[in-house]
Amino acid sequence: MFDALADALSSSPTAVAIIFGTIFVFVVINVFLTLFIAHTMRHAGDWPGLGQTVTAGAADPLRLCAVIGSGGHTTEMTNLLKTLSPDLFANRTYIVAETDKMGIDKVMAVEKEIHSRSSNPDSDKFTVETIPRSREVGQSYVSSIFTTIWASLASVKTVWSANPDVLLVNGPGTCLPVCVIAYFLDLIRLRNTRIVFVESVCRVKSLSLTGKILYKLRLADVILVQWKDLCKLYPRVDYLGVLN
Amino acid sequence: MSTCFVTVGSTQFDALIEAVLTDEVQEDLRSLGITQTTLQTGAGTAIDSAVPEGLRGSDNGGCFVTKNGMKIDFFRYKKNIHEDMASAKLIIGHAGAGTCLEAIELGKPLIAVINDKLMDNHQSELADRLAELGCLTKSTPSDLAQALKLPSLLSPKPLQKAPTNAFANYLYDKLGYVTS
């Protein structure tokens with residue numbers, strides 16, 4: 001009976017291709033399903049802090065990576081960054097869109113303030129990386145698919161070398177490719193990154209497009225909103241009030 | 001000297017500039033004790049018709065006095081309008097998030113004027129909410145005079161915010177750290 005089957009297969013290369021193709025597809029699906037379940041379990045459990053105290057020198061420093069958006073997003077981001085402990089987040093990388101000329105100036109201003117608050121004289125170390133923009137204001141949605149793919153590829157090296165423990169993003173679109181890559185590198189266990197998205201204070205009644213994508217695809221570990229109305233619409237978001 | 005600061009932001013919003021320069025609005029501003037109006041006019045051209053001959057067309061702005069005695073100071077753009085906002089008694093601005101939040105931060109009364117000619121102005125979502133909370137007064141260019149007569153205009157409520165370290169503490173907690 002097996003001889004007959006072997007004969008049939010050897011005379012039909014198409015059947016062989018279909019059988020092995022099917023096996024290959026199943027293996028790939030299984031690998032990603034396993035990775036996805038493992039990712040979900042890892043991220044639902046303990047975060048890397050392990051009960052250490054946040055004071056100068058008491059906790060292992062973390063690598064923070066923040067994506068600087070544009071305009072109002074940058075202002076909101078710098079306000080968030082100013083409140084974080086420079087001793088805990090001793091290693092900071094800022095990702096700025098290539099076309100954003102104001103971004104680097106804003107980063108310098110924040111760093112100056114962060115450094116002035118730190119007790120550690122070495123706290124003034126930080127890196128600024130630039131990436132291509134995924135979508136210019138007014139660009140069509142179809143062409144933005146291609147520019148997003150290009151921006152994603154260019155971001156791989158940046159995210160890889162930044163190796164963030166925490167990726168802090170608040171929109172706009174520039175941050176999406178960075179999030180996708182950080183998520184993927186974490187999925188295949190090459191990096192261990194928590195993605196934190198803070199929705200803009202401007203979004204009172206609905207999430208922004210970036211927020212919706214991160215929420216629906218469950219890319220972000222945490223999504224913070226600034227108005228309570230959004231908690232009812234999106235049960236997995238967190239709310240602390242209007243942030244400074 | 002009490003100043004009213006008018007800002008249109010980075011775009012053009014001629015309807016707002018025109019509304020501010022009408023006799024009725026100028027009269028209302030005078031009755032609030034305001035003697036100077038500073039205008040940030042952006043890319044718009046509405047200011048040109050109000051300006052006396054000699055100053056017209058100047059891109060650096062200028063200064064003149066209207067017939068009802070209001071001193072008008074105008075410019076197109078400035079790198080930082082924080083000083084103008086901080087020294088004003090009343091701010092009339094476009095409903096941009098940055099302008100609204102900065103005015104509230106400074107504790108200044110603000111009339112956020114919605115550009116009703118713009119379709120799908122999602123920026124006004126925040127202005128709507130802040131108006132509901134009593135932190136600012138909302139208006140359109142045609143209703144500006146009525147907004148200036150509101151008794152609540154000069155006493156805006158402060159915005160209730162999360163404590164300064166709320167975000168940092170939340171993040172430390174999520175990361176498994178203990179804040180002491």
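No hydrogens, no waters, no symmetry mates; every other heavy atom, side chains included, goes into these values. We name chains A, B, ... by the order of the sequence lines, and we start the count at 1 in each one.
The two residues Cys202(A) and Ala97(B) have their closest heavy-atom pair at SG-CB, 3.2 Å. Among all heavy-atom pairs drawn from Leu126(B) and Val204(A), the shortest one is CA-CG2, 3.9 Å. Closest approach of Leu240(A) to Phe167(B), counting heavy atoms only: CD1-CA, 4.0 Å. Closest approach of Tyr172(B) and Thr83(A) over heavy atoms only: OH-O, 4.3 Å.
With a threshold of 4.5 angstrom between heavy atoms, Ser85(A) approaches chain B through its backbone and through its side chain. In this structure, the portion of Phe89(A) lying under 4.5 Å from any heavy atom of chain B is its side chain and not its backbone. Using a 4.5 Å cut-off between heavy atoms, Val198(A) touches chain B through its side chain atoms alone. If you measure heavy-atom distances from Glu105(B) to chain A, you find no contacts under 4.5 Å at all. With a 4.5 Å cut-off on non-hydrogen atoms, Asp229(A) touches chain B through its side chain but not through its backbone.
When the shell of 6.0 Å around OH of Tyr77(B) is examined, it contains more than 12 heavy atoms from other residues, nucleotides or ligands. In Lys216(A), the NZ atom is not crowded: 12 or fewer heavy atoms of neighbouring residues, nucleotides or ligands sit closer than 6.0 Å. Residue Arg63(A) qualifies as enclosed at atom CZ: its count of foreign heavy atoms under 6.0 Å is above 12. In this structure, Lys157(B) places its NZ atom where only 12 or fewer heavy-atom neighbours from other residues, nucleotides or ligands lie under 6.0 Å away.
Listed options Lys205(A), Glu76(A), Lys82(A) were ranked by heavy-atom pairs under 4.5 angstrom with chain B; first place goes to Lys205(A).
The side-chain heavy atoms of Lys174(B) and Asp238(A), taken from C-beta on, include a pair separated by under 4.5 Å.
Between the Glu125(B) side chain and the Arg203(A) main chain, no donor and acceptor come within less than 3.5 Å of each other.
Remark: Gln226(A) CD to Lys161(B) NZ distance equals 9.0 Å, nearest 0.5 Å. Residue Leu243(A) holds its CG atom at 11.5 Å from CG of Asn165(B), rounded to the nearest 0.5 Å. The distance from the OG1 atom of Thr75(A) to the CD atom of Glu102(B) is 9.5 Å, given to the nearest 0.5 Å.
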